[in-house]
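Report on the following structure.
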Amino acid sequence: MMTLPEQIENRMLSGEPFTYGDLCRYFDNGEKHGRLIDQIIQRLRKKGMIAFTRVGRQVIWKRVEKE
């Protein structure tokens with residue numbers, strides 16, 4: 001069974017675009033995981049594995065395809 005951080009990371013790297021808010025709603029089972037989600041986003045961003053674009057006021061994250 002995967003740990004929560006592994007589940008979150010797998011979701012982020014699935015290729016499907018996501019927002020921070022969507023992940024918080026999806027993984028919130030009565031507990032607040034916002035800080036954990038933010039840490040994983042920043043770690044993957046620094047590694048160049050995900051990037052964001054802005055659509056209006058919304059920040060959309062998605063996996064970066066390596067060439």
Side-chain angles (χ1 to χ4, degrees):
M1 184 169 183
M2 287 193 296
T3 64
L4 181 61
E6 290 172 333
Q7 291 174 22
I8 294 170
E9 187 171 322
N10 283 344
R11 170 58 188 89
M12 291 178 186
L13 296 175
S14 71
E16 184 179 335
F18 62 91
T19 66
Y20 170 79
D22 290 340
L23 292 178
C24 287
R25 282 186 292 280
Y26 183 79
F27 288 104
D28 182 18
N29 297 328
E31 300 177 32
K32 302 295 180 192
H33 298 296
R35 179 73 181 125
L36 174 63
I37 291 168
D38 184 55
Q39 289 172 337
I40 296 170
I41 286 173
Q42 294 309 319
R43 180 171 45 83
L44 295 177
R45 180 190 60 80
K46 288 176 184 174
K47 288 182 176 181
M49 298 174 78
I50 61 173
F52 71 90
T53 56
R54 291 189 182 271
V55 178
R57 293 173 39 184
Q58 203 169 33
V59 176
I60 309 293
W61 291 91
K62 70 178 194 176
R63 183 179 73 199
V64 174
E65 300 295 328
K66 298 286 182 174
E67 296 174 7

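Worth knowing before you read on, the calculation uses all heavy atoms, side chains too, and leaves out hydrogens, waters and symmetry mates. The residues of the chain are indexed from 1 along the displayed sequence. The structure presented is a predicted model; accordingly, all values stated were derived computationally and were not measured.
Using a 4.5 Å heavy-atom cutoff, the side chains of F27 and I8 are in contact. Using a 4.5 Å heavy-atom cutoff, the side chains of W61 and T19 are not in contact. Within the 4.5 Å cutoff, no side-chain heavy atoms of T3 are placed close to those of Q7. Put simply, the side chain of L13 reaches to within 4.5 Å of the side chain of I50, judged on heavy atoms. Side-chain contact between F18 and I37: absent, with no pair of heavy atoms (C-beta onward) separated by less than 4.5 Å.
Between the NZ atom of K62 and the OG1 atom of T53 there is a distance of 7.0 Å, given to the nearest 0.5 Å. One finds the CE atom of M1 at 10.5 Å from the CD atom of E6 (value rounded to the nearest 0.5 Å). Here CE of M12 is found 6.5 Å from CG of L44. Values are rounded to the nearest 0.5 Å.
Heavy atoms only, all atoms of each residue included: G34 and C24 are closest at CA-SG, 3.9 Å. In this structure, I60 and P17 approach most closely via the heavy-atom pair CG2-CB, 3.7 Å.
Atom CZ of F52 is surrounded by 12 or fewer heavy atoms from other residues, nucleotides or ligands within 6.0 Å.
Judged as a salt bridge (Lys or Arg N to Asp or Glu O under 4.0 Å), the pairs with a partner in residues 11-29 (not counting sequence neighbours) are, in order, R11-E16, D22-R25, D28-K32.
Among residues two or more places apart in sequence or in another chain, the salt bridge (charged side-chain N to carboxylate O under 4.0 Å, His left out) test is passed with R63 by E65.
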- request: Start with the C-alpha distance between Y20 and D38, add both sets of side-chain angles, then the distance that settles side-chain contact (heavy atoms from CB on, under 4.5 Å), and finish with yes or no.
  value: CA-CA 8 Å; Y20 170 79; D38 184 55; 4.2 Å; yes
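One hydrophobic cluster, built from ILVMFWY side chains closer than 4.5 Å, cannot hold both V64 and I40; they sit in different ones.
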